[in-house]
Amino acid sequence: MQPALGARSISLLWYRQDLRLTDHAGLHEACACKPAALLPFYVLDDRQFKPRTFPQHASAEEGLHFVSGLPKLGPWRCRFLLQSVHMLQEQLRKRGSDLLVMRGPPEARIPDLVARLISDLAQGDAVPGWASAGQPGTDLPPSWHVTLHYHQEALPEPADVEDRVHAGIQAAVKQLALPGLTWEMRAHWGHTLYHPDDLPYTAMADTVQSGGGRHVESLSSTHQQAGTAHEVSRTSSMAPSAKSGLGTRREGGVDVVAARLAAFPATMTRFRKALRSQGETPVRPPKPPLQALPPYPSLSSIQNSGSDLPSVCAAFDEAGCGPALDHLSSFLGLDYRSLPGMAAKPGSADMDRHDPRSSFQLSAGEEAALGRLRSYLWGDGAGQQGCGGAAGDQREANTPTALSNYAVSRAQASGSDASTHLSAFLGLGCISPRTVWDEVLKVREHLLKEGADTAAADCMLMHLEIRDFYIFTALKEANTGLFAAGGFAAREFTNKAPKWKKDPKLFHRWATGTTGIPFVDACMRELRGSGWMSNRGRQNVASLLAKELNLDWRMGASLFECLLVDHDAAVNYCNWNYFAGTGSDPRDRRFKTISQGITYDSMACLISAWVPETSHLPLPLRHAPFARQELVSEVTQHLIAQGITACPYTQQQLEGDVQEPQQHSPTKKGERSQSDCSAQLQGQLPLLDYPAPVVDPAAQLGSLKGRAIARRKAS
Ligand SMILES: Cc1cc2nc3c(=O)[nH]c(=O)nc-3n(C[C@H](O)[C@H](O)[C@H](O)COP(=O)(O)OP(=O)(O)OC[C@H]3O[C@@H](n4cnc5c(N)ncnc54)[C@H](O)[C@@H]3O)c2cc1C
């Protein structure tokens with residue numbers, strides 16, 4: 001329902017996975033309408049601490065039974081979330097506003113909030129002068145309008161939460177029976193780079209190999225003739241419609257959104273091709289930051305408990321989910337309650353402490369996100385000064401930035417600057433993908449002006465598109481195969497229905513980083529102990545779980561969901577499907593995990609940090625600590641082929657005389673010869689307090705020929 005002409009308005013802003021002020025469609029629209037007051041709020045939904053339920057969930061089967069005990073929101077992301085909410089509140093307060101923080105199901109808390117706000121307004125409490133401006137003899141202004149702004153989520157939980165909120169408000173407003181009151185919910189979209197209304201549906205339909213193409217083409221043009229609203233709007237008179245993600249939009253009796261999504265390409269290559277098939281698909285420019293905000297209403301009936309955000313431990317306990325945290329601790333052998341920041345209140349310095357071994361060392365919140373983006377792209381110092389592009393212009397020519405090496409370094413298994421680590425911020429919406437895109441484009445222009453190589457910037461832009469591909473794929477497949485054991489790809493790429501095992505012991509070894517493959521174990525232990533794992537690590541551990549151990553990939557995906565600081569359901573479940581062979585990978589990719597460790601953790605830095613059992617060993621043995629001479633010799637050959645021509649260990653170490661971990665610095669090429677290394681390996685191999693491998697290690701080592709080809713390609 002549209003507000004009556006001259007109606008006074010008040011806006012509410014429901015913060016979800018969009019914890020920012022910059023490039024926030026809902027906030028911008030709310031401010032543009034100049035409401036008498038703006039009430040931003042966040043609802044911490046305790047259901048996040050509960051496990052995910054999968055379709056055809058077989059709780060009797062032990063494997064999935066364990067998985068069902070994992071909280072969706074685990075300790076690392078919970079810490080990052082609470083801190084981000086706290087930082088958002090600080091930023092809003094700096095601008096004269098505030099953030100109301102509530103706990104409970106949004107469908108209960110939001111209608112209650114709206115009802116209380118309206119009551120306060122009617123009594124003239126919430127906005128000074130509001131009630132007295134009413135018609136003579138009444139408590140109310142002639143007409144007034146309440147708008148609830150919110151961002152839609154790709155995979156909202158529960159799927160119909162927005163409908164439930166809508167129904168709840170409708171019931172509450174009806175009960176209040178106030179004349180002259182209208183209200184609406186306005187949905188916005190901001191989680192992806194490309195706005196769904198801007199995607200080239202006709203071109204995408206052409207790339208769909210079978211069926212649906214022409215159907216979508218006609219729908220697409222019908223929709224455009226009807227006029228595409230930039231923001232989806234829902235008013236109190238509209239029937240509830242959204243079931244998940246983009247919901248439904250009916251035109252001429254047809255669900256346009258569903259038909260459009262059906263045309264979404266099955267592979268990344270086809271998606272990117274379609275994006276450029278009719279010229280460049282536009283990325284909408286990010287909205288500038290707002291400095292002044294409408295006044296925050298004073299609510300006599302609601303206490304703002306925002307400054308009293310709980311610690312991670314308290315959040316679990318108050319939700320009645322403390323046992324889930326303890327279960328996780330005992331399963332993974334790590335007491336989460338005693339780790340840094342877990343018992344601390346958001347805002348305390350403890351919340352930003354990280355294990356020094358982890359590649360992820362960033363603070364939470366929007367300011368930290370913008371700072372990270374700028375310093376990664378423009379160089380050290382840019383983040384702190386917050387000067388972005390200008391800092392880049394001022395930096396000395398040829399000063400390397402983290403970005404300059406990104407195209408190569410992002411493949412590495414560790415390093416705090418190997419990749420941007422922006423995923424944690426993007427997942428919670430502390431920064432928008434359009435802001436990242438825009439800043440990378442500025443760098444790209446700068447590089448072009450300097451005649452420098454733009455490969456790294458292009459590589460980063462491509463990865464933002466990969467993220468979009470997975471989010472739109474998740475929207476398309478949310479109710480089909482995204483969470484199913486067989487995934488969603490079988491029909492196009494393979495006829496094989498995978499048969500998964502649900503062996504809890506095997507899963508436990510994978511989850512606790514005790515598979516006996518040091519590279520895999522190091523990755524899993526970094527995840528367990530810090531919430532982070534490199535993209536390279538994620539690919540390898542997923543491949544091992546699904547393709548070698550044949551465990552139900554959803555067991556791995558739900559452990560990731562629980563532990564990853566940057567978890568995003570759409571991105572995680574699509575990536576898992578991809579690497580389990582049930583998603584959008586047209587090839588049956590398998591990772592040789594020992595080879596991968598040699599390539600992407602050549603000096604075993606990650607392995608030494610997280611698998612200290614191996615740190616006293618010579619380099620080849622750190623990659624493959626198995627008492628089989630021929631395999632170790634082969635590993636040595638691989639290291640040499642990788643350019644590690646010297647073996648940084650001593651004869652004494654090899655013989656097991658020196659048991660203490662040693663600091664090894666990478667040795668220069670040619671310092672020691674290949675024959676020296678091989679000779680050292682003739683000694684007796686040290687025994688280890690380390691488990692035997694769960695798979696045949698020989699099968700985890702690729703061929704030397706393959707390595708030579710890969711290196712030639714890479715160079
Ligand atoms: C099994 C598996 C599970 C994953 N789960 C998640 C997840 O829950 N959340 C998540 O954000 N990413 C996930 N990824 C993707 C990828 O590993 C991370 O996005 C990336 O490692 C984040 O690091 P970064 O920000 O430094 O990436 P960068 O290399 O700096 O890339 C920049 C941005 O591009 C996007 N991006 C890069 N690679 C991918 C990718 N493969 N898929 C989608 N987006 C990508 C991310 O938003 C990232 O922040 C998963 C990958 C695998 C193989």
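Sequence positions, counted from 1, serve as the residue numbers for this chain. Order of appearance sets the numbers: ligands from 1, and atoms from 1 within every ligand.
- Atom 33 (C) of ligand 1 has its nearest heavy-atom neighbour, among Val565, Leu464, Leu422, in Leu464.
- Ranking protein heavy atoms by distance to atom 4 (C) of ligand 1, first place goes to Asn572 OD1, 3.7 Å.
- Atom 45 (C) of ligand 1 has as its closest protein heavy atom His463 O, 4.0 Å.
- If you look at Thr420 next to ligand 1, the close heavy atoms, those under 4.0 Å, come from the backbone and the side chain alike.
- In this structure, the protein non-hydrogen atom closest to atom 39 (C) of ligand 1 is Ile466 CG2, 4.2 Å.
- Arg538 forms a cation-pi arrangement with Trp532, by the criterion of a distance under 6.0 Å to the ring centre and an angle within 45° of the ring axis.
- Heavy atoms of Arg410 approach ligand 1 to within less than 4.0 angstrom.
- For Trp553, the closest heavy-atom approach to ligand 1 does not fall below 4.0 Å.
- Close N/O approach between His567 and ligand 1 is not found [any backbone or side-chain N/O within under 3.5 Å].
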side-chain contact (heavy atoms from CB on, under 4.5 Å) for Val283 and Leu441? Distances and angles first, verdict last. CA-CA 11 Å; Val283 172; Leu441 283 186; over 6 Å; no
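- Lys442 and Glu439 are joined by a salt bridge, as a carboxylate oxygen and a charged side-chain nitrogen come within less than 4.0 angstrom of each other.
- Under 4.0 Å is where a charged nitrogen must lie from a carboxylate oxygen, and between Lys50 and Asp45 no such pair does.
- The pair Arg590-Glu548 meets the salt-bridge criterion, with a side-chain N (NZ, NE, NH1 or NH2) lying under 4.0 Å from an Asp/Glu carboxylate O.
- Within the 4.5 Å cutoff, the side chain of Tyr470 has heavy atoms near those of the Ser584 side chain.
- Of the protein's non-hydrogen atoms, Asn575 ND2, 3.1 Å is the one closest to atom 42 (N) of ligand 1.
- With respect to atom 22 (C) of ligand 1, the closest heavy atom belonging to the protein is Ser423 OG, 3.2 Å.
- The proximity of Phe360 to ligand 1, defined as any non-hydrogen pair under 4.0 Å, does not occur for either the backbone or the side chain.
- Distance from atom 47 (O) of ligand 1 to its nearest protein heavy atom, with residue and atom name: Arg467 CD, 3.1 Å.
- The six-membered or imidazole ring of His508 lies near that of Phe331, with a centre-to-centre distance under 6.0 Å.
- Going from atom CD of Glu153 over to atom NE2 of His191 covers 7.5 Å, rounded to the nearest 0.5 Å.
- If you look at Val436 next to ligand 1, there are no close heavy atoms at all, none under 4.0 Å.
- In terms of polar-atom proximity, defined here as any N/O pair under 3.5 Å, Trp532 makes no such contact with ligand 1.
- Note on Arg372 versus Asp417: salt bridge recorded, some NZ/NE/NH1/NH2 to OD/OE distance being below 4.0 Å.
- Taking the six-membered ring where the residue is Trp, Phe264 and Phe271 present tilted rings, their angle falling between 30° and 60°.
- Checked for salt-bridge contact, Asp438 and Arg434 miss the test: no charged N lies under 4.0 Å from a carboxylate O.
- For the pair Tyr406 and ligand 1, a heavy-atom separation below 4.0 Å is found.
- Annotation: atom 6 (C) of ligand 1 to nearest protein heavy atom, Arg538 NH1, 3.4 Å.
- With a 4.0 Å cut-off on non-hydrogen atoms, Phe579 touches ligand 1 through its side chain and not its backbone.
- When only non-hydrogen protein atoms are considered, atom 17 (O) of ligand 1 lies nearest to Asn535 OD1, 2.7 Å.
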